[in-house]
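Computed over heavy atoms, backbone and side chain alike; hydrogens, waters and symmetry mates excluded.
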Amino acid sequence: MHPMLNTAVKAARRAGGIINRATRNLDIIAVKEKAANDFVSAVDSEAEQAIISTLREAYPGHSILAEESGASGKSEYQWIIDPLDGTTNFIHGFPQYAVSIALSHRGVVTQSVIYDPSRNDLFTATRGRGAYLNDQRMRVGKRASLAPCLIGTGFPFRQVEHIDIYLAILRDMMKGSAGVRRAGSAALDLAYVAASRLDGFWEFGLAPWDMAAGALLITEAGGLVGDLAGEGRYLETGNIVCGNPKIFVELLRAISPHLTPTLKKG
């Protein structure tokens, strides 16, 4: 395992331990609402600090971009952190959440870890070296058409102005696929695409820490990731589509007729 990836795994497992301990006392965890339906708990903050402390101990000169504490430092290396993706699930005791850590070098993601502490599932990737789930090599699914596919998604709760467009796309996906799932953790959904548990995924209005680690997992597992126009600007636009190469094209084809010029541009 690459030394930087090994450090990220150590940080993710530390955060996962904090999260698992907190599940025993969910009723006393302090929770705040950052925005409508967007929550942060004391566990998010504690897990994030554990991650940052572990990373800074090994790489004090690296910069950080974290969901709760924001950006700090200046370096060609940047750690992109979501300490608890799926906070709403977590505070309700719904076991679908994950720790997400990625390392970007000069704007290119080179290392990624997504850790599901409730299942002890560890998804890892190093650019050019493949993607793994608990040390087993991952490959995206092989389905060649949308009809037999299970597709993941997330609701655009941060972009209510796009709800009607989203619902139109959802309707077509429900008609054209074997099923659509909205589990509530984009990072884990992306990991599931890499592991072929989902055949594809799309969502609007995500943040870099929601996508960075999962996107590398998918590309290293043989899949494609893009924005709504199929381009590589998803970390900038916050809009993402992914799947194996054939399903990626099918998803873009299904989504495209519904997009406004604004959404096409990101």
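From R182, atom CZ reaches atom CD of E203 across 7.0 Å, with rounding to the nearest 0.5 Å. Separation of atoms CG (D227) and CE (M211) is listed at 10.0 Å; rounding is to 0.5 Å. In this structure, L252 CG and L224 CG are separated by 9.0 Å, a value rounded to the nearest 0.5 Å. Of the inter-residue distances, the one linking H62 atom NE2 with E76 atom CD reads 8.0 Å to the nearest 0.5 angstrom. Separating the CG atom in N134 from the CG atom in D121 is a distance of 5.0 Å, to the nearest 0.5 Å. With rounding to the nearest 0.5 Å, the separation of CD in Q111 from NE2 in H2 is 5.0 Å.
Contacts of E236 classified as salt bridge (charged side-chain N to carboxylate O under 4.0 Å, His left out), with partners at least two apart in sequence or in another chain: R233. Residues meeting the side-chain contact (heavy atoms from CB on, under 4.5 Å) test with L150, sequence neighbours left out: R181, L198, D199.
Residues A187 and I114 come closest through the heavy atom pair O-CD1, 3.2 Å. Across all their heavy atoms, L190 and C242 have their closest contact at CD2-SG, 3.6 Å. Residues I247 and C149 share a closest heavy-atom pair of CD1-SG, 3.5 Å. Of all non-hydrogen atoms in G61 and S75, the two that sit nearest each other are O-CB, 3.3 Å. The two residues A102 and A213 come nearest to each other via the heavy atoms CB-N, 3.7 Å. Closest approach of A144 to K246, counting heavy atoms only: CB-CD, 3.8 Å.
I101 and F123 end up in different hydrophobic clusters when Ile, Leu, Val, Met, Phe, Trp and Tyr side chains are linked at under 4.5 Å. Under the 4.5 Å side-chain heavy-atom criterion for ILVMFWY residues, a single connected hydrophobic cluster contains both L133 and F201. F248 and L235 are not part of a single hydrophobic cluster, where members link through side-chain heavy atoms under 4.5 Å apart. Residues I81 and Y115 are members of one and the same hydrophobic cluster, defined by side-chain heavy-atom contacts under 4.5 angstrom among Ile, Leu, Val, Met, Phe, Trp and Tyr. Both V241 and L167 are assigned to one and the same hydrophobic cluster, defined by single-linkage of ILVMFWY side chains at heavy-atom distances under 4.5 Å.
Of the N and O atoms on the side chains of D44 and T87, at least one donor lies less than 3.5 Å from an acceptor on the other residue. Between the side chains of Y166 and T153, at least one donor N or O lies within less than 3.5 Å of an accepting N or O.
Not one N or O on the side chain of R127 forms a donor-acceptor pair closer than 3.5 Å with the backbone of L216. Side-chain atoms of N89 do not come within 3.5 Å of backbone N or O of F94 as any donor-acceptor pair. A donor-acceptor pair is defined here as one N or O able to donate and one able to accept, closer than 3.5 Å; no such pair exists between the side chain of S63 and the backbone of W79. D210 places a side-chain N or O within donor-acceptor distance of the main-chain N or O of A207, the cut-off being under 3.5 Å. Here the side chain of S53 pairs no donor or acceptor atom with the backbone of A50 at under 3.5 angstrom. Side-chain atoms of N239 never come within 3.5 Å of backbone atoms of F204 as a donor-acceptor pair (strictly under, hydrogens ignored). Panel note: side chain E48, backbone S69; a donor-acceptor pair is recorded below 3.5 Å.
Counting Ile, Leu, Val, Met, Phe, Trp and Tyr side chains that sit under 4.5 Å apart, directly or through other members, W209 shares a hydrophobic cluster with L65, I80.
Between E67 and D85, every side-chain heavy-atom pair lies at or beyond the 4.5 Å cut-off. Using a 4.5 Å heavy-atom threshold, the side chains of T126 and E220 count as separate. Under the 4.5 Å side-chain criterion, counting only non-hydrogen atoms from C-beta, L251 is in contact with M173. Side chains of L228 and T237 form no contact here, defined as non-hydrogen atoms less than 4.5 Å apart. Between V249 and R253, the closest side-chain pair of non-hydrogen atoms falls below 4.5 Å. Side-chain contact between I29 and F90 is present, with at least one heavy-atom pair separated by less than 4.5 Å. In this structure, L55 and L103 have side chains that are not in contact, with every pair of non-hydrogen atoms separated by 4.5 Å or more. The side-chain heavy atoms of K142 and N244, taken from C-beta on, include no pair separated by under 4.5 Å.
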Side chain to side chain contact (heavy atoms under 4.5 Å, CB included) between T260 and I165, worked out: CA-CA 8 Å; T260 63; I165 294 170; 3.3 Å; yes
Tell me, with the steps shown, if R56 and I64 meet side chain to side chain contact (heavy atoms under 4.5 Å, CB included). CA-CA 9 Å; R56 287 207 186 283; I64 300 285; 3.3 Å; yes
Using side chain to side chain contact (heavy atoms under 4.5 Å, CB included), reason through L5 and V113 one step at a time and then give a plain yes or no. CA-CA 7 Å; L5 182 61; V113 175; 3.4 Å; yes
Go through L170 and M174 one step at a time and tell me if the side chain to side chain contact (heavy atoms under 4.5 Å, CB included) criterion holds. CA-CA 6 Å; L170 177 61; M174 291 172 67; 3.9 Å; yes
Please walk me through it: do S177 and R143 pass side-chain hydrogen bond (donor to acceptor under 3.5 Å, both in side chains)? CA-CA 11 Å; S177 71; R143 293 181 177 88; over 6 Å; no
D116 vs Y97, test: side-chain hydrogen bond (donor to acceptor under 3.5 Å, both in side chains). Steps then yes/no. CA-CA 6 Å; D116 176 351; Y97 43 80; over 6 Å; no
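Other residues, nucleotides and ligands place no more than 12 heavy atoms under 6.0 Å from the CD atom of E57.
Annotation: W202 is not in aromatic contact with Y234 [ring centroid separation under 6.0 Å not met].
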